[in-house]
Amino acid sequence: MSERQVIKRAKYKSSIKDPGTPGVLTMKRERFVFMPSDPRSLMKLNVEFRFIIGHKFSKEAPNKKALLNLTQDKGESYIFEFDSFPDRDACRDFVAMAIAPPANAGKASSDKPSVPPSSEQLSTAEMDRRIKLLQVDSELQKLHKEFVMGGVLTEAEFWATRKKSLDEKISSKSKQRVGLKSDMIFNVKPSSDGQSNRVKYSLTPEIIHQIFAEKPAVRRAYLNLVPKKMTETDFWMKYWRAEYLHSTKNIVAAAAEAAEDEELAVFLKQDDILASEARRKIRRVDPTLDMEADEGDDYTHLPDHGLSRDVSKDLTDSQYDLYKRSFLQDLNRHAAVVLEGRSVDVELGDTRSVAEALTRLKEVESANEASNTHVEQGRSDLISRMAELEDLQGPRDHPVAPLSIKDPRDYFDSQQANAIKTLGESQSGSKHKKSILNAHEAYGSLRKSISEIKDLGLTDPIIKSEVAMKVFSELTLRISNTKYHHGKDPHESILDGLPNATKEEILHQWTSIQELLKHFWSSYPITTTYLHIKVNKVKDAMSKIYQKLQEIKSSVRQDFRHPVSLLVQPMTQALDAAFAHYEVDFQKRSTKSVERPNGFV
Amino acid sequence: MFQHNNNGGGHQYNTNTTNQQQSQAEEEEEDNDVEGLEAWERAYADERSWESLQEDESGLLRPIDNKTIQHAQYRRRLRTYSSSARIQKGLIRFLYIVIDLSRAAGEMDFRPSRMFVVAKQVEAFIREFFDQNPLSQIGLITIKDGVAQCLTDLGGSPESHINALMGKLGCSGDASLQNALDLVHEYLNQIPSYGHREALILYSALSTCDPGDIMDSIQKCKKAKIRCSIIGLSAEIFICKHICQETGGSYSVALDEAHLKELVLEHAPPPPAIAEFAISNLIKMGFPQRAGEGVLSICSCHKEAKFGGGYTCPRCKARVCELPTECRICGLTLVSSPHLARSYHHLFPITPFDDVPPSLLKNSQLLPKSCFGCQQSLLGPANLPGPSVACPKCKQYFCLDCDIYIHESLHNCPGCESFKQSKLDRGTE
Amino acid sequence: MTPVSRKLYTDDVSLLVVLIDTNPYFWSTNNSGLPYSKFLSHLVAFLNSILLLNQLNQVVGIATGVNSCGYIYDSSLAPPNKRAETLLQKLEEFVIKDEELSAEDSVDGIKSSLLSGSLSMALCYIQRVLRSGSLHPQPRILCLHGSPDGPGQYVAVMNSIFSAQRSMLPIDSCVIGAQHSAFLQQASHITGGIYSKPQQLDGLFQYLSTLFATDLHSRSFIQLHKSVGVDFRASCFCHKSTIDMGYICSVCLSIFCKPHKKCSTCGSTFGQPQATVSPTNLKRKAPDS
Amino acid sequence: MPEVRIIAKNFMDMVASLPATKLDNLYHNAFICEAILRSLPPLAKKYVLQMLYIIEPIVTTSMEAWVAAEGMSKHRVAIDKLVQLRLFTETVDRKRETTYRLNPTFQKNLQNHILHGGVLPREPMKINVRLPSSADLDAYASGQWESFLLHLISSTEAEATRNISSSMMKIFQRGLLSQRDREAPMLTESGFQFLLMDTNAQLWYVIREYITHCEERGVDTSDLISFLLELSFHVSGEAYNMNTLSHSQGSIVKDLADLGLVKLQQGMKESWFIPTKLAINLSISLSDASSRKQGYVVVETNFRLYAYTTSKLHCEILRLFARIEYQLPNLIVGAITKENLYKAFQNGITSDQIICFLQQNAHPRVAEKVPSVPENVTDQIRLWESDLNRVEMTPSHLYDEFPSRDAFEAACDFAREYGGLLWEDSVKMRVIVKAETYDHMKRFLRQK
């Protein structure tokens with residue numbers, strides 16, 4: 001637990017109205033003690049937290065008082081008023097932790113059964129989010145009051161069902177790390193203010209990280225120089241100076257500068273680490289690639305593959321080669337880094353740690369490469385992958401599972417049976433009529449009747465008037481019956497018909513029932529003691545509500561009784577269903593528990 | 001396998017079409033900027049409708065007829081499915097549609113922009129999907145600024161998804177396949193094993209900026225039996241292809257909007273179940289009864305008191321408004337038997353029809369004069385037998401329209417259905 | 001259809017596709033006081049009256065036989081003054097053809113007629129009409145059915161029903177048999193058609209003209225016998241008993257009332273991956289399946 | 001059908017307006033019964049059908065039981081129509097309930113029809129001459145019809161006046177053409193509107209005129225009507241012998257031939273007439289597919305208009321409100337311009353008529369999409385029309401040069417009380433007042 005104890009000054013109130021007795025509230029691990037400031041007062045308190053089953057607190061608002069209400073299992077509650085909200089919150093959090101007992105509490109089942117299996121220590125952030133939710137959603141608050149305060153559900157349980165709405169507050173961003181930007185740093189253009197000939201580079205941790213990642217030499221230099229030999233700012237100034245020189249493409253100048261300042265030279269020279277790395281890579285390059293084609297071209301010494309970045313093509317003397325840098329190199333290097341992805345997860349702010357982390361990484365890599373085994377492996381399957389021409393390949397898709405349906409009739413029967421049942425008829429009509437029919441006769445009779453009507457013409461009149469009349473009235477009757485059914489328009493909401501109070505009441509009950517049922521069903525199948533107890537608690541709560549419903553029904557005015565009872569009925573049904581399920585399950589488990597002494601499945 | 005080849009083709013096509021588009025764009029640059037064009041002008045500039053204009057011999061304009069082409073395309077599509085006859089299909093799917101809303105989605109090569117076109121197609125897809133897989137669920141994920149974000153989580157109501165998507169359009173930043181895969185994996189890993197886990201990625205970007213090694217994520221997905229399919233909008237990318245190959249999905253690149261639509265809808269019918277992926281299992285489901293007429297109750301979906309209508313969960317007696325759904329209270333899956341029936345045609349697929357060989361077309365007296373299905377005359381112009389197809393089982397002839405209708409919507413062959421003997425082998429199959 | 005064209009085309013122009021049950025076994029055995037000849041005259045009168053209502057109305061008759069189905073009447077082809085003749089002529093031919101096809105010469109119980117076939121054909125025909133452009137009659141299907149449902153057809157029939165629902169055309173059903181038909185119950189309910197089982201069959205025409213002659217346009221403001229729908233609870237494959245909650249095989253969607261180790265329908269054992277079919281022999285399967 | 005001021009009521013309204021006795025006689029003719037039934041609103045049809053074999057009167061309640069709440073109005077319309085046409089006889093039985101019963105003659109006729117299917121008025125004659133195919137027959141019919149309309153538009157052009165009998169000429173001149181002596185006849189307002197109506201409406205208009213015209217010549221209308229209806233039940237394309245007709249009927253047929261309702265042909269010994277589609281459509285109350293040719297107009301958001309048509313008539317009609325720019329063999333390209341529309345409005349054509357015309361004749365390809373005519377175009381057309389009557393005149397008086405501000409204020413207030421204040425300019429102290437309040441103002445100001 002974060003801090004061993006909290007000591008705040010607060011007023012103890014026996015009730016909200018009570019002005020309260022000033023004093024000092026001390027919260028320890030398992031108990032809290034209230035010492036009135038004047039010793040004569042009798043308002044001393046010394047309560048163990050395990051008797052505290054819930055805590056409420058006043059919304060944080062300028063005009064409001066900072067109240068904390070600890071409800072005790074025997075129903076009575078201790079109200080404290082604090083001087084400030086921070087104080088209150090401190091205590092509240094402490095209480096929250098205190099009454100949600102430690103996860104490793106072995107004795108939990110014994111004296112304090114309703115232990116959530118994982119009672120997470122709530123970070124204040126978590127708490128705040130919950131509070132916010134409660135504040136915005138009054139209904140939620142009601143529920144929370146009723147159940148959490150009422151000790152039916154623990155805080156954890158209550159929120160467990162609302163994870164989603166909580167999580168919405170924290171955007172999923174935080175979990176994911178962003179890859180490196182795909183655009184290159186050398187687009188960091190120097191911004192020069194007009195008059196003085198100074199140029200300004202703006203440097204962000206992001207950029208630094210990128211520089212380090214792409215230019216190991218710079219990184220190394222940083223680690224060596226800063227802060228022993230120069231300050232960080234100097235370092236970067238040098239670096240950008242070098243960059244600037246490059247951008248001016250004035251190689252001669254670059255060379256000159258390098259000559260007199262060896263630190264600067266580091267930046268101006270070819271990145272030797274890269275170079276060596278590159279060579280290593282060349283050696284391990286995809287074997288199917290024909291390296292003979294460009295013999296000795298290790299991508300580093302050949303200037304720019306022909307496309308040159310600098311204007312002064314003329315002076316390509318060997319001495320300056322050192323100071324040339326090809327656009328392609330940068331590009332490739334950048335691409336490589338981006339592909340590697342951001343593998344360091346240190347806080348970008350601190351330059352040094354970044355640098356170190358990267359270096360460490362590099363070392364690890366090279367170490368792996370040193371242990372050549374999996375590289376070989378990689379090579380071989382690389383070869384195999386390259387060797388095959390994909391168009392000549394067979395389908396790479398995986399084998400599929402066969403399906404053998406024996407008899408589609410099953411699918412029908414599953415319908416037919418009850419479809420007929422609902423029509424209140426046995427199927428005997430068709431299935432069991434065992435009348436042997438001669439196909440020939442049958443067809444014969446058919447043909448006969450056709451030809452008969454052919455030469456006789458239709459029967460005239462088709463139907464007798466009275467028959468027609470009979471049928472018509474029969475149909476009309478049926479229609480008017482169905483009409484009667486649909487009579488009341490389904491769209492008009494019945495709720496609005498009711499007086500507001502009743503409506504509110506009903507809706508509230510409904511929501512609480514929903515809440516309870518959710519918890520009830522979610523805790524099946526019962527696997528742990530904890531669930532078992534939870535279910536019991538929930539069940540009791542539900543039976544309470546059951547009474548409430550009855551009261552509502554009886555309380556409403558005569559003229560509303562019918563709709564209300566209609567409304568209430570499904571709720572009671574739902575509850576009954578739950579109880580029934582509980583009973584059944586209980587039977588099962590009790591029978592089981594015969595051979596399972598501890599009684600829990 | 002066909003799919004496979006198509007990719008290659010798709011790739012080549014695509015690259016040079018993109019070139020084309022660029023060059024076309026340049027043209028438009030030359031004759032004053034595109035934005036300057038009126039909406040109606042642009043319509044011509046893009047579609048080049050005049051190119052498909054036809055004249056008859058007397059120089060009169062003739063309405064454009066591309067029926068045969070469409071049918072050809074359709075046959076192609078059909079054949080890709082038909083290979084998967086008589087095998088298990090993923091009837092209960094949990095699909096995450098991943099939509100790339102990175103910078104690249106703002107490209108205008110699809111009008112008005114890739115992003116909008118994709119959104120449109122996804123909407124159509126979602127509706128079709130739920131029509132074909134009533135027992136399945138969809139979720140939406142977007143990639144933006146290098147991270148993947150969950151737009152809607154798995155659910156069965158098309159409207160909610162569509163609304164959410166339409167609300168969230170707008171693109172920026174890089175795309176990261178890895179983050180997307182990780183997110184999908186995170187969500188799909190929880191769902192029960194009988195469900196077919198799928199991800200359909202609509203990818204506009206040409207690159208992926210990942211925080212780490214994407215190969216790991218791919219392996220993770222593979223292990224989690226998540227079937228990832230990707231539809232590219234720009235050009236074929238190796239990594240995408242790799243992902244699909246690894247996870248047993250399909251990879252294709254859209255040439256244009258029509259093609260995109262086609263490709264997207266190819267994912268609507270349930271995919272063949274990969275053998276080692278397909279864990280069969282028993283799913284507990286409830287078959288709620290319709291609430292009686294007089295009954296009045298508050299539905300758990302949107303707390304309104306309703307007379308009649310609606311269904312009552314058999315387990316916890318909660319009221320829900322429509323099926324299929326998951327009971328809000330006790331989490332039981334609620335369906336009605338017709339919903340199951342909707343999927344049956346996937347279990348008894350109908351064999352594709354064969355084209356009538358030209359040799360037969362020669363001697364027209366052998367062929368029936370009219371389509372067995374719709375009685376339309378099969379005779380083309382000048383009383384020569386026009387194009388038609390025949391069912392391999394019942395040997396009945398159908399017109400092209402019926403062919404499409406039968407396979408796309410009806411799912412049973414009138415010929416086979418209306419002859420007794422065919423009943424027998426249907427049983428045995 | 002654009003609102004414009006709908007305005008131009010009168011609302012009540014309708015295309016009625018009638019599926020006529022010509023199941024000899026049913027007709028020869030049914031003693032519901034409606035001999036086949038009577039039935040026919042009612043039918044013809046009904047068709048006439050439909051055509052009378054609007055000269056653009058179109059009626060198509062499809063005979064639902066035991067061994068085959070076939071078009072027997074199309075008002076757009078037959079001359080108006082020889083309707084009955086043409087219909088009966090075709091019908092007779094059909095019956096003869098159907099008899100030739102019949103394999104066994106005696107059966108026990110009533111064989112079911114091929115509802116799925118005629119439904120499919122009707123749908124194809126209607127699709128053709130719908131294709132014909134923005135100006136077309138409002139199509140609907142009427143099943144005059146008496147013989148019992150054929151289990152084998154279930155899947156096919158359901159497919160047709162859903163296809164009909166997709167293109168929003170109602171399937172009316174008038175059951176002239178002894179017992180209700182689960183098929184048609186569902187068909188009418190799902191597609192929003194009328195389902196009715198006349199009590200007094202000698203008054204059939206009255207039923208037809210009162211209920212089933214109503215065009216789709218008028219139905220929007222008239223109360224008709226919308227079928228309440230079958231109870232949608234399924235019943236398990238194992239005991240065929242209706243169930244509230246059941247277990248569905250994720251592979252073949254067959255329904256069981258209690259958990260099993262192995263699916264009796266598709267033979268897949270639950271909780272483990274399926275046996276494989278290598279793509280190669282699958283290809284061999286494809287054509288002959 | 002466009003809302004037009006000239007009542008293009010259909011035949012049935014005309015029949016309904018006949019006196020009771022005549023009406024009852026009409027019902028003895030089977031064809032009339034059939035035609036009448038078809039002309040009824042859907043609900044009425046249903047009622048007739050379900051009472052076809054019922055002799056006993058039906059009480060209203062049992063009929064209303066069927067009607068859903070939203071359908072009540074339609075139900076009443078239907079019943080009224082039936083009663084008005086004397087198909088239903090309304091009686092109040094002793095139980096104070098209004099009951100309906102089907103007109104027996106009508107009932108009998110329909111029963112027969114249902115029994116024997118459609119019956120032909122007269123047998124087509126067997127002749128060994130090759131009759132025109134339905135295609136050329138339609139061509140002929142539409143040709144005739146168009147030439148007749150064309151003649152209406154450009155009646156000045158002598159060549160347009162094909163041999164159309166003077167009696168028909170007279171008919172057109174009723175209302176459509178206003179011919180002042182010696183100078184070219186002019187299309188009247190209703191004439192222009194007539195052109196934009198769809199074929200059936202036009203047909204009915206003409207026939208109506210024709211009937212009234214015959215009435216004046218003392219022909220019995222009911223005979224005429226029944227014959228016209230009968231005509232519509234012939235099979236188009238079949239040949240019917242002339243000498244099966246009475247003399248008067250013969251003359252009628254001759255007149256109708258000019259309109260293209262029938263085609264007359266002369267054999268070696270006897271002559272015969274062949275009814276065309278137009279004739280068949282006579283009994284159709286509402287416009288329908290067979291009567292209307294496929295649409296041909298495409299309008300674009302840029303007000304350009306393409307008409308895929310070869311007919312001169314179409315061109316002329318379009319000219320009424322659009323600028324025809326050029327013509328290809330089967331394509332007319334034009335633009336809807338303000339000027340042309342103003343011209344049309346001046347001719348008394350309303351914007352709704354134009355829009356409706358465009359929509360009705362929309363090319364099938366555009367007809368599929370909604371709206372078939374771009375909104376911006378339709379809106380613009382409406383706007384232009386409203387432009388015409390934008391300024392509204394109110395006679396009024398201007399007062400200025402008030403002696404003092406309070407005098408001005410007082411005047412304004414006074415005017416306001418009388419609700420006569422139109423405009424005031426407190427700076428320059430000017431106020432405009434409605435003319436009707438002028439006297440009050442005068443009196444008021446005089447008091448000052």
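We name chains A, B, ... by the order of the sequence lines, and we start the count at 1 in each one.
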Legend entry - Shortest non-hydrogen contact from B/L282 toward C/P259: CD1-CA, 3.6 Å
Legend entry - Segment of B/L334 engaging chain C (4.5 angstrom heavy-atom cut-off): neither
Legend entry - Residue pair B/F419 / C/S68: nearest heavy atoms and the distance that separates them: CE2-CB, 3.7 Å
Legend entry - Side chain / backbone / both / neither for B/F398 at chain C, heavy atoms under 4.5 Å: neither
Legend entry - C/R131 side chain reached by B/Q376 side chain, heavy atoms, under 4.5 Å: yes
Legend entry - Contact check, side chains of C/F162 and B/D131, non-hydrogen atoms, under 4.5 Å: no
Inset, instruction - Measure the NE2-CG distance between B/H346 and C/L253 for me, rounded to the nearest 0.5 Å. - result: 9.5 Å
Legend entry - Note, B/N412 side chain near C/S116 side chain (heavy atom, < 4.5 Å): no
Legend entry - Minimum heavy-atom distance between C/Y154 and B/A341, given as atom pair plus value: OH-CB, 3.7 Å
Inset, instruction - With side-chain contact (heavy atoms from CB on, under 4.5 Å) as the test, would you mind laying out the steps for C/R166 and B/E408 before giving the verdict? - result: CA-CA 11 Å; C/R166 218 167 285 132; B/E408 303 275 279; over 6 Å; no
Inset, instruction - Look at C/A122, C/C249, C/G246 and state which one has the largest set of heavy-atom pairs under 4.5 Å with chain B. - result: C/G246
Inset, instruction - Heavy atoms only: give me the nearest B/C374-C/C124 pair and the separation to one decimal. - result: CB-O, 3.6 Å
Inset, instruction - Mind listing the closest non-hydrogen atom pair of B/H345 and C/N159 along with its distance? - result: CB-OD1, 3.3 Å
Legend entry - Reported OG-to-OH distance for the pair C/S254 and B/Y344, which is rounded to 0.5 angstrom: 8.0 Å
Legend entry - Side-chain touch B/Y405/C/S163, heavy atoms, less than 4.5 angstrom: yes
Inset, instruction - Can you measure from OG (B/S336) to CD (C/Q186) and round to the nearest 0.5 angstrom? - result: 8.5 Å
Legend entry - Sidechain-backbone polar pair: C/D244 side chain, B/P314 backbone, donor-acceptor under 3.5 Å: no
Inset, instruction - Could you check if a side-chain atom of B/L410 sits within less than 4.5 angstrom of a side-chain atom of C/S160, using non-hydrogen atoms only? - result: yes
Inset, instruction - Hey, could you give me the CD1/CZ distance between C/I255 and B/F287, rounded to the nearest 0.5 Å? - result: 4.0 Å
Inset, instruction - Mind checking the CD1-OG1 spacing from C/I248 to B/T333? Nearest 0.5 Å is all I need. - result: 9.0 Å
Inset, instruction - Working to the nearest 0.5 Å, report the span between CE of C/M121 and OG of B/S418. - result: 5.5 Å
Inset, instruction - Give a yes or no answer on whether the side chain of C/S250 reaches the backbone of B/N281 with a donor-acceptor pair at less than 3.5 Å. - result: yes
